[in-house]
Amino acid sequence: MCLAIPAKIVGEPNDNAMAEVDILGVKRHVCLMMTPTAQVDDYVLVHAGFAIQVIDEEFAQESLAMLRQMGIRTADELAAEAEADAAEAAAS
């Protein structure tokens, strides 16, 4: 099964068309060669390190909400969970 995930472009692309994106709080660099009109603050679908389509924010937010409903947590949620685990381990 192939899955493309919505991501927000947060950085300008470099000379190789690689730009930083945010996916549920996780930052990654993806290739924008297949979406040459994409700009900072646009949402794109990312598959295998490539942005394959520019999408509107509403569709991106709906898709991200469905991923969260499936149990996929944001980077902030994972960090808070790790911090709570560390505090609990230190207390015992």
Side-chain angles (χ1 to χ4, degrees):
M1 178 171 91
C2 297
L3 179 66
I5 298 176
K8 183 176 183 177
I9 300 171
V10 296
E12 293 287 338
N14 63 18
D15 292 341
N16 295 322
M18 299 293 291
E20 187 174 46
V21 299
D22 182 302
I23 304 170
L24 294 172
V26 176
K27 303 281 195 305
R28 293 283 186 263
H29 282 86
V30 301
C31 183
L32 300 182
M33 283 185 164
M34 297 172 69
T35 55
T37 61
Q39 303 174 12
V40 172
D41 292 332
D42 281 349
Y43 283 86
V44 291
L45 284 177
V46 175
H47 176 71
F50 290 87
I52 58 174
Q53 182 179 357
V54 178
I55 58 175
D56 64 44
E57 183 174 356
E58 182 180 350
F59 178 76
Q61 294 302 333
E62 288 173 5
S63 298
L64 291 169
M66 284 191 288
L67 291 172
R68 287 186 198 105
Q69 287 175 353
M70 293 169 39
I72 295 175
R73 292 171 284 173
T74 66
D76 290 341
E77 291 167 337
L78 292 172
E81 194 175 294
E83 189 173 308
D85 289 347
E88 184 178 313
S92 58

Please answer: with hydrophobic residues joined when any side-chain heavy atoms are less than 4.5 Å apart, are [X] and [Y] in the same cluster?
| X | Y | result |
| --- | --- | --- |
| Val46 | Leu3 | yes |
| Ile23 | Met34 | no |
| Ile9 | Ile5 | yes |
| Leu67 | Val21 | yes |

Any residue meeting side chain to side chain donor-acceptor pair (under 3.5 Å) with Asp76, in chain and number order, not counting sequence neighbours: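 None.
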Summary of salt bridge (Lys or Arg N to Asp or Glu O under 4.0 Å) pairs that have at least one residue in residues 15-40, sequence neighbours excluded: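 Pairs touching residues 15-40 that pass the test: Asp22-Lys27.
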Atom pairs and distances, donor-acceptor, side-chain atoms in residues 51-62, under 3.5 Å, two or more places apart:
unit_1: Asp56; atom_1: OD1; unit_2: Glu58; atom_2: N; d: 3.2
unit_1: Asp56; atom_1: OD1; unit_2: Phe59; atom_2: N; d: 2.7
unit_1: Gln61; atom_1: NE2; unit_2: Tyr43; atom_2: OH; d: 3.0

Reported CG-to-OG1 distance for the pair Leu45 and Thr35, which is rounded to 0.5 angstrom: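 With rounding to 0.5 Å, CG (Leu45) is 10.0 Å from OG1 (Thr35).
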Spacing of CZ belonging to Arg68 relative to CG belonging to Leu24, to within rounding of 0.5 Å: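 Between atom CZ of Arg68 and atom CG of Leu24 there are 5.0 Å.
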Cluster companions of Met66 among Ile, Leu, Val, Met, Phe, Trp, Tyr (side-chain spacing under 4.5 Å):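 Joined to Met66, directly or through intermediates: none.
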Members sharing Val10's hydrophobic cluster (side chains within less than 4.5 Å):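 Its cluster partners, ordered by chain and number, are none at all.
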side-chain contact (heavy atoms from CB on, under 4.5 Å) involving Asp85 - partner list, sequence neighbours excluded: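 Counting only residues at least two positions away or on another chain, Asp85 forms a side-chain contact (heavy atoms from CB on, under 4.5 Å) with Glu81.
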side-chain contact (heavy atoms from CB on, under 4.5 Å) against Met18, all qualifying residues, sequence neighbours excluded: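 Partners of Met18 by the side-chain contact (heavy atoms from CB on, under 4.5 Å) criterion, ordered by chain and then number, come out as Asn14, Asn16, His29, Cys31.
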Taking every non-hydrogen atom, the tightest pair across Gly11 and Ala19: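 Answer, listing the atom of Gly11 first, then Ala19: O-CB, 3.4 Å.
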